[in-house]
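From a predicted model like this one, the values you see are computed outputs, not experimental measurements. Order of the sequence lines sets the chain letters (A, B, ...), proteins ahead of strands, with each chain counted from 1. Just so you know, these numbers use all the heavy atoms, side chains as well, and skip hydrogens, waters and symmetry mates.
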Amino acid sequence: MEAEALPSSSVGQRGSQDGFMDRQLIKHVLKRRDWGARVTVCGWVRTRRDSKGGFSFIELNDGSCLANLQVLADGSLPNYAADVPRLHPGAAIRVAGELRASPGSGQALELFARELVVFGFCEPADYPLQKQRISFERLREVAHLRPRTNTFGAVLRVRNTLARATHNFFQSNDFYYLNTPIITASDCEGAGEMFQVTTLDLDALPRTPEGRIDYAQDFFGKKTGLTVSGQLEGETYACALGRIYTFGPTFRAENSNTRRHLAEFWMIEPEAAFFDLDDNAALAEAYLKHLFAAVLDECGEDLTFFNDRIDKTLLDTLNTLRASHFSRMTYSEAVACLEKSGRAFEFPVAWGAELQSEHERYLAEEHCKGPVIVTDYPATIKPFYMRLSDDARTVAAMDVLVPGVGEIIGGSQREERLDVITARMNASGLQVEDYGWFLDLRRFGSVPHAGFGLGFERMVQFCTGMQNIRDVIPFPRVPKWAEF
RNA sequence: UCCGGCGUAGCUCAGUGGUAGAGCAGCCGGCUGUUAACCGGCUGGUCGCUGGUUCGAGCCCAGCCGCCGGAGCCA
């Protein structure tokens, strides 16, 4: 092989004319078939296999896709003997070379290295990610390194596609992206416990003459916390601009220890004026199906990986759902269905009681065998802001239940009648004066409107088959865990 | 928070009262256009912590800590 001089790539040096354009991402390189072309890639070594014939195979991954690029490094490299034997999993390198058809069976092409530069070696004795299988539980303890694994790289790529598809869907349906506050004094009733935000000295709390904590001296002059929902603020913009959606972090200080709860998670909350419950359900269904289609169309390689390694039914499920019609039933119909099921549930089924997890699971996983939208819940088990129906027993609530994950969406048509909502607030023991601005929406030009909240991580779970929600968010926050 | 399970080598796990084991990883050697590479050897442990029972505890008991699953709360 003739030693042809290649222009030295500038990564890690200054003064490049082309900037980042002078090296390629592996996902693009893997599609090329222009043998002999000069290519420069940068990435992390996944594994190395040596031939005593004087050359080595290096599996290189740069995160741009699941697949690795096979690099062939041989003795014509001046630093072959010095550097290549030290390239253990995790080492970071740049390779410039020529594309070649691979004679081996596992890959169509390989990069024959003409230049190999090591950015950083990776000592195997200390590096947690070796070639052996590692449990997800263990990987949570090395959350700064787990994105270098196949699974977590794939999760992030799917998550990214879901985020982009969320914006695409709402933007193309004329919803405005609205940023609602992270710190708020309004507690969206029924949504959960709030994390308190304060600058008060906890060792020397100021007190009022009555002995209570004097929040007038706190940073905001009142008691504040991290948002549990942007809904109330979202309604204000929906009742002005028509259609909005939020997509931001949400915080719940519940001591929830399950595979589908986080203390910090991301939620998408569309809110639309002139929408009734049926519009709301139609929006939810269209949105979910848009997301299924997006990951199927854009994340095929990653979904195939999840289908092979995590959940054998994933691709079938998503393909079926993208073109399906979601089941719909009222709460009353759901109760009747559960009663007729002949199942011995741990918790009794009765009209007026909450649907338990086992009930929701039966409806989604066995009766409907797919997503189901349950509507018109008893007013007594839902928050004050949901619209009271004419029967005065139910509210225009809606939950979307999906197999495996459970409740992925909760929403409602909002109560737009001032007299009705104040009566319900009083009945719930809420101080009407605390919600003045919220009630103004019902006082001035009130309109029917509706919205819902979708738990983003639950959607990522559903689209990847990942069992534990802590593995679909980069840095999970749960009780007793806030590392990284 | 409640119920259940688990905690042993860097990782994944076996070991049910009598001198701590395997596979993988690592290191050394061999072999090979390899691809979860393979073959031989070597290295590697305060058995989560504290206390108790016992001649003797990884194993039995109690408390604590942590993790996992289920429930509740919810997205």
Exercise. Separation of A/Glu254 atom CD from B/C73 atom C1', in whole Å?
Worked result: 5 Å
For this session: Would you mind classifying the nucleic acid contact of A/Arg361 as base, sugar-phosphate or nothing, using non-hydrogen atoms under 4.0 angstrom?
Result: sugar-phosphate
Exercise. Expressed as a whole number of Å, how far does the C1' atom of B/A20 sit from that of B/U8?
Worked result: 9 Å
Problem set entry | Distance below 4.0 Å between A/Arg49 side-chain N/O and B/U32 OP1 or OP2 | no
For this session: Using Watson-Crick or G-U wobble geometry with both distances below 3.5 Å, tell me the partner of B/G72, or none.
Result: none
Seminar exercise, completed: Against the side chain of A/Arg470, the closest entry in B/A75, B/C68, B/G33 is B/C68
Exercise. Could you state the CG-C1' distance from A/Leu109 to B/G33, rounded to the nearest angstrom?
Worked result: 15 Å
Exercise. In whole Å, what separates the P atom of B/U46 from that of B/G41?
Worked result: 26 Å
Exercise. Quantified in whole Å, what is the P atom distance between nucleotide B/G15 and nucleotide B/A9?
Worked result: 15 Å
For this session: Name the closest nucleotide to the A/Arg138 side chain, picking from B/C74, B/C67, B/U12.
Result: B/U12
Exercise. NA contact type, A/Thr250, heavy-atom cut-off 4.0 Å: base, sugar-phosphate, or nothing?
Worked result: nothing
Exercise. Can you find a side chain N or O atom of A/His359 that sits less than 4.0 Å from OP1 or OP2 on B/G72?
Worked result: no
Seminar exercise, completed: 5'-most contact on RNA chain B (nearest-nucleotide basis), A/Ile134 vs A/Leu72, goes to A/Ile134
Exercise. Any idea which of B/G70, B/U35, B/A75 is nearest the A/Arg259 side chain?
Worked result: B/G70
Exercise. What nucleic acid atoms does A/Asn257 come within less than 4.0 Å of, heavy atoms only: base, sugar-phosphate, or nothing?
Worked result: base
Exercise. Is there a donor in the side chain of A/Tyr377 and an acceptor in the side chain of A/Ser412, or the other way round, less than 3.5 Å apart?
Worked result: no
Exercise. With sugar-phosphate meaning primed atoms plus P, OP1 and OP2, does A/Glu457 contact a base, only sugar-phosphate, or nothing at under 4.0 Å between heavy atoms?
Worked result: nothing
For this session: Between B/C24 and B/A37, how far apart are the C1' atoms? Round to whole Å, please.
Result: 14 Å
Exercise. What distance, rounded to whole Å, do you find between the two C1' atoms, one in B/G44 and one in B/G21?
Worked result: 13 Å
For this session: Report the base-pairing partner of B/U16 (Watson-Crick or G-U wobble, both distances below 3.5 angstrom), or none.
Result: none
Exercise. Would you say the side chains of A/Tyr362 and A/Gln356 form a donor-acceptor pair under 3.5 Å?
Worked result: no
Exercise. A/Leu129 has an atom CG; how far is it from atom C1' of B/G26, in whole Å?
Worked result: 15 Å
Seminar exercise, completed: The reported gap from CG in A/Leu288 to CE in A/Met459 (rounded to nearest 0.5 angstrom) is 5.0 Å
For this session: Indicate, with a heavy-atom threshold strictly under 4.0 Å, whether A/Ser102 touches base, sugar-phosphate, or nothing.
Result: base
Exercise. Within the structure shown, what part of the strands sits under 4.0 Å from A/Arg260 by heavy-atom distance: base, sugar-phosphate, or nothing?
Worked result: base
For this session: Please measure how far the P atom in B/C47 lies from the corresponding atom in B/A57, and state the result in whole Å.
Result: 12 Å
Exercise. Between atom CG in A/Leu145 and atom P in B/C11, what is the gap in whole Å?
Worked result: 14 Å
Seminar exercise, completed: Checking B/A75, B/A37, B/U1 against the side chain of A/Asn255 (C-beta onward), the nearest is B/U1
For this session: Would you indicate what A/Arg46 reaches in the nucleic acid, counting non-hydrogen atoms under 4.0 angstrom: base, sugar-phosphate, or nothing?
Result: nothing
Exercise. Any chance the side chains of A/Glu235 and A/Gln231 put a donor and an acceptor closer than 3.5 Å?
Worked result: yes
Problem set entry | Shortest side-chain distance from A/Phe265, nucleotide among B/G70, B/C67, B/A75 | B/A75
Seminar exercise, completed: Under a 3.5 Å limit on both distances, the Watson-Crick or wobble mate of B/A57 is none
For this session: Find out whether A/Thr236 and A/Phe438 are in side-chain contact, i.e. whether some heavy atom of one side chain is under 4.5 Å from a heavy atom of the other.
Result: no
For this session: Measure the distance from CD on A/Gln231 to P on B/C74 and round it to the nearest whole Å.
Result: 14 Å
For this session: Salt-bridge test for A/Lys27 and A/Glu301: reply yes if a basic N is under 4.0 Å from a carboxylate O, no otherwise.
Result: no
Exercise. Just checking A/Pro103: base, sugar-phosphate only, or nothing, at a heavy-atom cut-off of under 4.0 Å?
Worked result: base
For this session: Please state whether the phosphate of B/C73, meaning OP1 or OP2, lies under 4.0 angstrom from any side-chain nitrogen or oxygen of A/Thr258.
Result: no
For this session: Please round to the nearest 0.5 Å and tell me the distance separating atom CZ of A/Phe384 and atom CZ of A/Arg414.
Result: 10.5 Å
Exercise. When the C1' atoms of B/A25 and B/C38 are considered, how many whole Å apart are they?
Worked result: 16 Å
Problem set entry | Atom-to-atom span, CZ of A/Arg252 to C1' of B/G72 - whole angstrom | 15 Å
For this session: Respond yes when some side-chain nitrogen or oxygen of A/Gln356 is under 4.0 Å from OP1 or OP2 of B/A71, and no when none is.
Result: no
For this session: Give one of base, sugar-phosphate or nothing for A/Ile409, where a contact means two heavy atoms less than 4.0 Å apart.
Result: sugar-phosphate
Exercise. For A/Trp481, is the NZ or CZ atom of A/Arg140 found under 6.0 angstrom from the centre of its six-membered ring and inside 45 degrees of the ring axis?
Worked result: no
Problem set entry | C1' gap between B/G7 and B/C42, integer Å | 29 Å
For this session: May I ask you to say what A/Arg458 touches in the nucleic acid, namely base, sugar-phosphate or nothing, with a heavy-atom cut-off under 4.0 Å?
Result: base
For this session: Starting from P on B/G10, measure out to CD on A/Glu141 and report it in whole angstrom.
Result: 13 Å
Exercise. What nucleic acid atoms does A/Glu110 come within less than 4.0 Å of, heavy atoms only: base, sugar-phosphate, or nothing?
Worked result: base
Exercise. Do the side chain of A/Ser256 and the base of B/C74 come within less than 3.5 angstrom through a donor-acceptor pair of N or O atoms?
Worked result: no
Exercise. Less than 5.5 Å between centroids and less than 30° between ring planes, does A/Phe456 satisfy that with B/A75?
Worked result: no
Exercise. Do A/Phe345 and A/His359 have their ring centres less than 6.0 Å from each other?
Worked result: yes
Exercise. For the pair made of CZ in A/Phe136 and C1' in B/G69, what is the distance, rounded to whole Å?
Worked result: 16 Å
Exercise. Across the strands shown, which category fits A/Gln107 at heavy-atom distances under 4.0 angstrom: base, sugar-phosphate, nothing?
Worked result: base
Problem set entry | B/G7 - base-pair partner by Watson-Crick or wobble geometry, distances under 3.5 Å | B/C65
